[in-house]
Structure formats: structure tokens, C-alpha cells
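A quick write-up on the structure given underneath.
Treat the numbers as computed from the prediction; the structure is a model and nothing was measured. Counting begins at 1 with the first residue of the sequence.
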Amino acid sequence: MNDQPDNRNPAGQDYEKARAGRGEWLVEWWREATGPINWDYHLTPARAVLRRIFLWIPVVVLIASIAGGIGFYFFTGWRARDLAVNAEANARDGNLNAARLQILSAENLRKNDPAVKRASAFVRSKFNDSEATGHWEELAQSGAISAEDAAEWARVALATGNQTSFAAALAWIEKQGDPASAAALRAKQSRQLGNLGESIREARVAAESGRPEDRLALVRVLVERYAPSLASDSPPPASRQAAREITEVVAALQGTPQGNEALAITFGSIPFDKNQARKWAEAVLTNPSADNPALFPAASYLVNQGDDPAQLAPRLSAALAGAAPRLQARLAEWLTANGRAEDALLLITPAKASRDPDAYMARAATLEQLGRWDDLLAMSEAASPVPDSVRLAWRALAASKSDKKGVATQSLAESLRAGAGDGQLGIALALADRSGQGGAADEILVGMCADPAVAEEVFAGVRNRFSRSGRHQSLDRAFHAAKGSVPSSWVVQDYE
């Protein structure tokens, strides 16, 4: 017999026993759960079956939990990607509020999913969110962007003034072998900065790609740069050369979707060869379409060349039959401008004007053109689809022209105050000037600068208005009134 004491650790012995016990328990569980049922061991067969069920319940729960976890993980991933796709689609369609809600939901489910991160960058870009550039940069590093994504990245970088990110986007685009797209974006940047010469140089590089959209962009910047000098009696040689270049590009664009856009931009501002221009204009009106942007510019060009508006009006009316009120309002404006005001009133009925703001403005302008002040006054006193500031401005104009000075003065004041609240102060002032009430409007505006509720917006407006017209005394009075009411306003502090 061994009389030596057992010096092993008691705690270690307990652990080994417990470990062995767990192993034996699992073996026993497996034997009983999978082996034949020992019917003699149980009081009744039902209890034997019930014990077998109880033995398997923990396993079933464990398997269900694992399967549920895996299923939930894949479901949330699918749902996050589905929300991301819908968010991007809504952002493309202009439904930005819906896009924002959907992308936030997708981020809550699977923020780091590549599809969600890309859609998040796209949606943020549509809001011109400065954080979008960081998202695009991260995606670019992982190689998870397309050429379209890079163009959107460059656009939002340009919109938010992030020149470093803009340069990174251009570098990515050029690395993919697309220097024309990079040049087109540099042209936009230069144009935004007011450097039209550099913008034209880059736009020419982009236009060499032959893509219609790049050629159209070149036409836009050339017109912006040279149209003012081309309107003079003796344009300088550079302007005449630009006119020839514009003509060549516009001719090359005919037959493409951008062709009519180019004509809409250039008719009336570029001295085309008359035979060529007439050919283009008549082609537009041979098969007139409501969605053709060159429709009205082409018609106006032909009128300026001596064609009878009465002969063109039916063709325009036929093209716009059943068109949206906005387009019918545009037709009414064309008719009024070309001596067909009565036809414009027949087109834009009082019922149409009461339902659509563009139609309302077109009918009101036509009544003004005809001098039908009582009709205009009645129209401005009825319910309308335009903001109150605009309706009241038309009321002030009609009352002023019909010598109803009390109504005119009251309506003018109400219009300007409403305009300061609904953002339509500029339209109200333009109508006040047309009615001959500009001076009275200026006095009202100076007084409104003393009202803290509207002083900031009103002073911002009158600052430009008075500066342009050289009314420095009125500007000084408006400034002191605004300073007394909103001294901490950035508009006031900036003026100081």
C-alpha cells in the first residue's frame, strides 16, 4: 500500500471530475436521445415519449436560434440594399425627402454594406451635402465607384467648393482613360468661377469627344461669352469667329436630342446665316412638339424675319393642345408678345388661371397688356393659386392704373409685407415698379427695416435695389432702421 500523501491540487481534481462529468453527461444524453426507448424504465409509454421530446427541445431551440440569427442577418442585408436602391431611384427622380428617409433606414440596418455606402454618397450628393465628398473618396479607395459615380462626386465637390476633392475626382476619371469628361468638368469649374476663357478652352477639349452633351456645353459657354458683343453693330473679329464656331457646332448637333436645345439657346442671340437659320426654324415648326425647347424661339425668329404671327399661332396651338398649363401659359405669353393678346385670353380662361400659378401669371400679364384694369382687379380679388404677395401686387397694379389710390396704397403695403414672409418680395417689387409705385414701395421698405420680424430679409433686398439705382440716402435710412431692429444680423454687420 502506498503511504505517500497525495499532494495534488484539490481544486484541480474537482475540475477534472467536473470535466469528465460533462463529457459523460453528453454521452448519456446522446445515447438516450438517439437510442431505443427503454419502455420498462417509464411508468407509461406516454411519459417515455414525453421524455424523448424534452431531451430534444434544447437542441431544436438552439438550431432555431442559429437559423433565425442567420436568416435575420441575410434579411436585414437584403432589406438594407433594397432601401438603398429605392433611395437612389427617388434621388434621381427628385423625391429627395423620400430618398433621405430610405437611406437613413438602410444605414440603420447595414451601414457598412458597400451598396448602402454608395447609395448614401449619391443621396447626400443630391442634397449638396459637404460630407458626400468624404463618402465618395472612401468608396474610390476601395474601387467601388463607376464613371457616373465619379462625375457625381466631382459635381458635388464643385458645388460645395471642395477643390481638393474635386481634383481627386478628376484624377480618378482621367486614370480610367476619360480625359474628355475631366475636361468637361474643368470647364464647368472655370465657368462657375467666372473664367469664361478657360471654360471655353476646356469645353473645346471635351467637345472633341464628339459627345452631343459636350458639344452643347461648348455652345452654352460660347453664347454666354460672345452673345453680348455679337449684338453690337460691329462685333470684334473674335466674336465673329465665335459665331462661326457656334454655327458649326449647332449644325453638327442637328438630329440629336441636344440639337433643339442648341437652337433654343442660339436663336435670337447668334447671327446665323439667314437661309440656314430659316431652314432650322421651319424644321422645328414642321413637326411641332410641346416638349421641344426650340419651339417658341424658332417661332419668334420667324416672326422677326417677317413671318405673320397669325400663320404661326395655329401651328403652335395644335402642338400644345392638351399640354400642361405651364406650356399653355408659355404659349399665351408668346401670343401676347406678338399681338395676339385676345387669343391668349381665350386660351387661358379664368378657370385655368384659378388652378395654376403659371396660367394665372400669363392671364394677368395679358390683361395688363390690354389695359383691362377692372378685369385684372376682379381677378386679383378672387381666390388664386399664387402666393398672397403676388396676388396683392397685381391688385395694387390694377388699382393704381384705374385711379383707385386708396386700394392701391393698401394693397402695395400688404403685398410687400407678405412678400417678405413668403420669399416673393422680388416679384412684388417688379410689379410695383411696373405700376408706377416704385417710390412708394421704397418708403414702405425702409419702414419695414425697423420691424425685427422681417428686417433682415427686407434690408438684404433693398440693399441691392438702392445700390443699383444710386439711392444712397434711402439705403442709409434703411440701414439705420435695420441696425436698430436686428443689430446682430449678418446682413447688417456685413454692410457695416
| query | Rounded to the nearest 0.5 Å, how far does CG of Asn260 lie from CG of Leu295? | reply | 9.5 Å
| task | Measure the CG-CZ distance between Leu230 and Arg225 for me, rounded to the nearest 0.5 Å. | result | 9.5 Å
| Any donor-acceptor N/O pair, Asn108 side chain to Leu104 backbone, under 3.5 Å | yes
| request: Using only heavy-atom distances, determine whether the side chains of Ser384 and Trp394 contain a donor-acceptor pair under 3.5 Å. | output: no
| task | Answer whether the closest heavy-atom distance between the side chains of Asp375 and Leu345 falls below 4.5 Å. | result | no
| request: Indicate yes or no: at least one non-hydrogen side-chain atom of Tyr301 is less than 4.5 angstrom from one of Val284. | output: no
| said: Contact between Thr133 and Trp136 at the side-chain level, heavy atoms closer than 4.5 Å - yes or no? | reply: no
| said: Assess the residue pair Asp451 and Val458 against the criterion (side chain to side chain contact (heavy atoms under 4.5 Å, CB included)); give the C-alpha distance rounded to whole Å, side-chain angles, the decisive distance to 0.1 Å, and a yes or no. | reply: CA-CA 9 Å; Asp451 183 350; Val458 173; over 6 Å; no
| Contact check, side chains of Thr349 and Lys352, non-hydrogen atoms, under 4.5 Å | yes
| said: Regarding Gln369 and Thr336, do their side chains bring together a donor and an acceptor under 3.5 Å, going by distance alone? | reply: no
| field | Set of side chain to side chain donor-acceptor pair (under 3.5 Å) partners for Glu381, sequence neighbours left out | value | Arg395
| query | Is Glu152 salt-bridged to Arg155, going by a charged N under 4.0 Å from an acidic O? | reply | yes
| field | Pairing residues for Gln276 by the side chain to side chain donor-acceptor pair (under 3.5 Å) criterion, not counting sequence neighbours | value | none
| said: Could you measure the distance from the CZ atom of Arg326 to the CG atom of Asp358? Nearest 0.5 Å is fine. | reply: 7.5 Å
| query | Would you say the side chain of Tyr226 lies within less than 4.5 Å of the side chain of Pro235, judging by non-hydrogen atoms? | reply | no
| For Val85 and Gln102, what are the C-alpha separation, side-chain angles and deciding distance, and is it a side chain to side chain contact (heavy atoms under 4.5 Å, CB included)? | CA-CA 9 Å; Val85 169; Gln102 288 170 329; over 6 Å; no
| query | At what distance, to the nearest 0.5 angstrom, does CD of Glu245 lie from CD1 of Ile270? | reply | 11.0 Å
| message | Could you check whether any side-chain heavy atom of Lys404 comes within less than 4.5 Å of a side-chain heavy atom of Leu377, counting everything from C-beta outward? | response | yes
| said: Please report the interatomic distance CG(Leu101) to CG(Leu83), rounded to the nearest 0.5 Å. | reply: 10.5 Å
| Heavy-atom neighbours of Lys188 NZ exceed 12 at 6.0 Å | no
| Heavy-atom closest contact (Ala332 atom, Leu347 atom, distance) | N-CD2, 3.9 Å
| Any ion pair linking Asp273 and Lys279 (charged N to carboxylate O, less than 4.0 Å)? | no
| Pairing of Asp433 and Arg465 as salt bridge, 4.0 angstrom limit | yes
| request: Might you point out which heavy atoms bring Ala319 and Pro288 nearest each other, and give the distance in Å? | output: CB-CB, 3.6 Å
| remark: Glu107 meets the salt bridge (Lys or Arg N to Asp or Glu O under 4.0 Å) criterion, sequence neighbours left out, with Arg124
| query | Looking only at atom types and distance, does a side-chain atom of Ser400 sit under 3.5 Å from a main-chain N or O of Leu397, one as donor and one as acceptor? | reply | no
| message | Contact between Pro325 and Arg355 at the side-chain level, heavy atoms closer than 4.5 Å - yes or no? | response | no
| Where Trp373 and Ala398 come nearest, the two heavy atoms and their spacing | O-CB, 3.8 Å
| Looking only at atom types and distance, does a side-chain atom of Gln254 sit under 3.5 Å from a main-chain N or O of Val250, one as donor and one as acceptor? | yes
| said: When you compare the side chains of Trp153 and Ser165, does any donor N or O come within less than 3.5 Å of an acceptor on the partner? | reply: yes
| Once you round to the nearest 0.5 Å, how far does CG of Leu218 lie from CG of Asp214? | 9.0 Å
| Do side-chain atoms of Arg186 reach the backbone of Leu170 as a donor and acceptor pair under 3.5 angstrom? | no
| request: Taking all non-hydrogen atoms of both residues into account, name the closest pair between Arg340 and Ala310 and its distance. | output: NH1-CB, 3.7 Å
| query | So, the side chain of Arg191 versus the backbone of Ser199: is there a donor-acceptor pair under 3.5 Å, distance only? | reply | no
| note | Nearest heavy-atom contact between Ala183 and Val205 is CB-CG1, 3.7 Å
Listing, residues 385-392 side-chain donor-acceptor contacts under 3.5 Å, not counting sequence neighbours, or none:
{"unit_1": "Ser389", "atom_1": "OG", "unit_2": "Asp422", "atom_2": "OD1", "d": "3.1"}
{"unit_1": "Ser389", "atom_1": "OG", "unit_2": "Asp422", "atom_2": "OD2", "d": "2.8"}
{"unit_1": "Arg391", "atom_1": "NH1", "unit_2": "Ser380", "atom_2": "O", "d": "2.8"}

| field | Full working for side chain to side chain contact (heavy atoms under 4.5 Å, CB included) between Met448 and Arg417 | value | CA-CA 8 Å; Met448 290 172 65; Arg417 177 162 289 279; 4.2 Å; yes
| field | Sidechain-backbone polar pair: Ser354 side chain, Ala351 backbone, donor-acceptor under 3.5 Å | value | yes
| Taking the side chain from Thr409 and the backbone from Lys405, do they hold a donor-acceptor pair closer than 3.5 Å? | yes
| said: side chain to side chain contact (heavy atoms under 4.5 Å, CB included) for Tyr360 and Ile348? Distances and angles first, verdict last. | reply: CA-CA 8 Å; Tyr360 184 97; Ile348 305 297; over 6 Å; no
| field | Test item: Ser269 side-chain N/O and Thr266 main-chain N/O as donor-acceptor pair under 3.5 Å | value | yes
| task | Say whether, by atom type as modelled, one donor and one acceptor occur between the side chain of Asn95 and the main chain of Ala98 under 3.5 angstrom. | result | no
| With Arg92 via side chain to side chain donor-acceptor pair (under 3.5 Å) - residues at least two apart | Glu88, Glu148
| query | Who are the side chain to side chain contact (heavy atoms under 4.5 Å, CB included) partners of Ala99, not counting sequence neighbours? | reply | Asn90, Ala91, Val123
| Under 3.5 Å, is there a donor-acceptor pair between the side chain of Asp149 and the main chain of Ser146? | yes
| task | Run the ring-centre check on Phe272 versus Trp280 and record whether the distance is less than 6.0 Å. | result | yes
| field | Arg278 side chain near Leu302 side chain, heavy-atom distance below 4.5 Å | value | yes
| said: With a 4.0 Å cut-off on N to O distance, would you call Glu342 and Arg372 a salt bridge? | reply: yes
| query | Where is the tightest heavy-atom contact between Pro228 and Glu224, given as atom of each residue plus distance? | reply | CD-O, 3.9 Å
